[in-house]
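So the structure is just underneath, and the comments pick up after that.
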Amino acid sequence: MTDQHILEVQDVTKHYRKRGGGRFGLGSDTVKAVDGVSLKLRKGEALGIVGESGCGKSTLTRLLTALEKPTSGQIRYRGVDVHSAKGAARTQMRRNIQMVFQDPYASLNPRKTVGSILAEPFRIHRDALPESGLRPRLEQLLEQVGLRPDHLDRYPHEFSGGQRQRIGIARGIALNPEVLICDEPVSALDVSVRAQVLNLLAELQRELSLTVVFIAHDLDVVRHFCDRIATMYLGRVVEEGDCDAVYDHPAHPYTRALLSAIPRPGFDDEPELERIVLEGDPPSPIAPPPGCPFHTRCWMARPDCANTVPAGHDLGEGHVSHCHFAAEVADADPRAALNGSRTGSQ
């Protein structure tokens with residue numbers, strides 16, 4: 001690990017055994033939820049991870065926070081394996097990698113006051129703060145996320161969805177972590193409050209020098225919030241790079257299809273992308289196709305795609321695409337569909 005990389009994911013897989021598979025419902029099948037993911041995060045960087053539901057994004061977040069153990073591969077925080085660390089090293093690691101959950105209605109205990117919810121991290125990590133400083137620290141946390149100190153004595157049901165997510169964010173930053181994992185933190189919120197919560201996260205990232213992993217479906221949100229983006233498909237990262245490079249010159253057909261689905265307001269300075277409609281459903285992670293995992297839905301697929309897993313093609317400055325024709329895709333006019341693509345409206 002170089003000094004600038006705070007978190008490294010190296011060839012990580014997570015496979016689940018699904019009982020009741022096989023012939024006549026006997027035996028078991030293997031679900032390949034995460035299948036060979038490698039990523040690196042620099043300190044203070046925001047990495048967006050996007051992809052369809054079921055592609056492995058949330059499973060990856062649970063691996064990053066040590067809530068689950070990978071089947072193979074390593075996740076290293078400051079050079080130390082997250083899942084093999086013991087004792088004080090493991091405790092410190094858990095303190096420094098925190099999470100903001102997707103659903104603010106489900107992630108807060110309805111039987112506890114906000115004060116009790118926010119105090120829980122300090123009860124677990126008793127050396128983080130003296131007892132005398134607990135109340136002032138909790139009040140400070142609420143003020144940091146735009147709530148009032150007197151909210152400590154209220155219960156979650158007394159708050160709106162946006163306010164509940166602010167409480168979840170306050171809990172996430174309570175122990176001054178270095179890494180904050182955000183699992184679709186605004187997808188359950190009304191459109192009117194999403195921008196407020198995103199602005200809060202961006203402000204906290206700057207103030208606290210947070211390294212952020214941001215899981216999202218909304219690619220426009222990722223572009224404005226994140227420094228880099230990784231596209232996942234069927235448990236694998238198929239494209240990764242700086243947001244500007246990936247959005248301006250997507251080098252994987254799947255990323256290109258996702259970008260084409262972003263609603264455009266019609267501004268003159270943004271090219272209108274030809275809509276690419278993918279046919280069929282993603283393959284099952286129990287029986288992924290051979291070769292490129294996307295070839296069964298890709299309009300550019302050629303014979304080699306079904307036989308050979310594409311290597312990562314470096315297009316410069318860390319922009320990597322796992323597509324046999326990465327350069328061809330990246331050089332295509334963003335305002336027109338590639339030759340042979342399936343386009344239409346939904």
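The residues of the chain are indexed from 1 along the displayed sequence. Just so it is clear, the model here is predicted, and its values are computed rather than measured.
- Side-chain contact check for His15 and Ser72: no donor-acceptor pair (N or O, by modelled atom type) lies under 3.5 Å.
- Each of Lys14, Gln10, Arg62, His83 was compared with Pro70 under the side chain to side chain contact (heavy atoms under 4.5 Å, CB included) criterion, and only His83 meets it.
- The backbone N or O of Phe101 lies less than 3.5 Å from a partner atom in the side chain of Gln165, making a donor-acceptor pair.
- Side chains of Gln92 and Tyr77: no donor on one and acceptor on the other come within 3.5 Å.
- Checked for salt-bridge contact, Glu120 and Arg171 miss the test: no charged N lies under 4.0 Å from a carboxylate O.
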Next item on the list: Mind running side-chain contact (heavy atoms from CB on, under 4.5 Å) on Leu7 and Thr211 for me, showing each step along the way?
Entry: CA-CA 9 Å; Leu7 195 64; Thr211 302; 5.8 Å; no
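- A donor-acceptor pair is defined here as one N or O able to donate and one able to accept, closer than 3.5 Å; no such pair exists between the side chain of Asn307 and the backbone of Gly291.
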Next item on the list: May I have the step-by-step check of salt bridge (Lys or Arg N to Asp or Glu O under 4.0 Å) for Asp153 and Arg135, ending in yes or no?
Entry: CA-CA 11 Å; Asp153 301 316; Arg135 181 78 185 192; 3.6 Å; yes
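- Ring geometry, Phe214 versus Phe225: the interplanar angle falls from 30° to 60°, so the pair is classed tilted.
- Within the 4.5 Å cutoff, no side-chain heavy atoms of Ile75 are placed close to those of Glu8.
- Aromatic ring centres of Phe159 and His151: separated by under 6.0 Å.
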Check: Going through the distances and angles, do Tyr247 and Thr255 end up as a side-chain contact (heavy atoms from CB on, under 4.5 Å)?
Finding: CA-CA 9 Å; Tyr247 278 70; Thr255 305; over 6 Å; no
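- With respect to the salt-bridge test (charged N to carboxylate O, under 4.0 angstrom), the residues Asp103 and Arg164 do not qualify.
- Side-chain atoms of Arg95 and Pro121, non-hydrogen and from C-beta on, never get closer than 4.5 Å to each other.
- Under the 4.5 Å side-chain criterion, counting only non-hydrogen atoms from C-beta, Ile169 is in contact with Val197.
- A distance of 8.0 Å separates CG of Leu39 from CG of Leu64, quoted to the nearest 0.5 Å.
- Side chains of Arg166 and Gln163: a donor-acceptor N/O pair is absent below 3.5 angstrom, by distance only.
- For Thr13 (side chain) and Val34 (main-chain N/O), no donor-acceptor pair under 3.5 Å exists by modelled atom type.
- Inter-residue side-chain proximity for Pro104 and Ile167 is flagged as unmet; no heavy-atom pair is nearer than 4.5 Å.
- Judged purely by atom type and a 3.5 angstrom limit, Arg123 uses its side chain to pair as donor or acceptor with the backbone of Ser116.
- Between the side chain of Glu239 and the main chain of His252, a donor-acceptor pair closer than 3.5 Å is present.
- Looking only at side-chain heavy atoms (C-beta outward), Phe122 and Leu134 come within less than 4.5 Å of each other.
- Residues Arg148 and Asp150 are paired through a salt bridge, judged by an N-O separation under 4.0 Å between the basic side chain and the carboxylate.
- In the displayed structure, Glu131 atom CD is contacted under 6.0 Å by at most 12 heavy atoms of other residues, nucleotides or ligands.
- Arg154 and Thr113 form no side-chain donor-acceptor contact under 3.5 Å, judged by distance and modelled atom types alone.
- A side-chain N or O of Gln102 and one of Ser187 form a donor-acceptor pair less than 3.5 Å apart.
- Side chain of Arg42 to main chain of Ile6: no donor-acceptor pair is present (N/O by atom type, distance under 3.5 Å, no hydrogens or angles).
- Side-chain atoms of Arg194 come within 3.5 Å of backbone atoms of Leu189 as a donor-acceptor pair (strictly under, hydrogens ignored).
- You'll find the side chain of Phe325 stays beyond 4.5 Å of the side chain of Pro310, heavy atoms only.
- Looking at heavy atoms from C-beta onward, Ile173 lies in side-chain contact with Leu208 at the 4.5 angstrom threshold.
- Checking side-chain atoms of Thr231 against main-chain N and O of Val50 turns up no donor-acceptor pair under 3.5 Å.
- The distance from atom CG of Leu118 to atom CZ of Arg137, rounded to the nearest 0.5 Å, is 10.0 Å.
- At a threshold of 4.5 Å between non-hydrogen side-chain atoms, the residues Pro293 and Pro288 do not count as touching.
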Notebook entry, point to check: Do Val212 and Leu201 pass the side-chain contact (heavy atoms from CB on, under 4.5 Å) test, and can you show the C-alpha distance, the side-chain angles, and the key distance before you say yes or no?
Noted result: CA-CA 9 Å; Val212 178; Leu201 284 169; over 6 Å; no
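- Arg94 and Thr91 are not linked by any side-chain donor-acceptor pair at a separation below 3.5 angstrom, with hydrogens and angles left out of the test.
- Ring geometry, His157 versus Tyr155: the interplanar angle falls under 30°, so the pair is classed parallel (tilted spans 30 to 60°).
- Counting only distance, with no hydrogens or angles, the side chain of Tyr233 and the backbone of Pro282 share no donor-acceptor pair below 3.5 Å.
- Of the possible polar contacts, none joining the Lys57 side chain to the Ile49 backbone as a donor-acceptor pair under 3.5 Å is found.
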Next item on the list: Determine, stepwise, if the pair His217 / Ser53 fulfils side-chain contact (heavy atoms from CB on, under 4.5 Å).
Entry: CA-CA 8 Å; His217 277 97; Ser53 296; 3.3 Å; yes
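- We find that Arg297 and Asp281 are not joined by a salt bridge, their nearest charged nitrogen and carboxylate oxygen being 4.0 Å or further apart.
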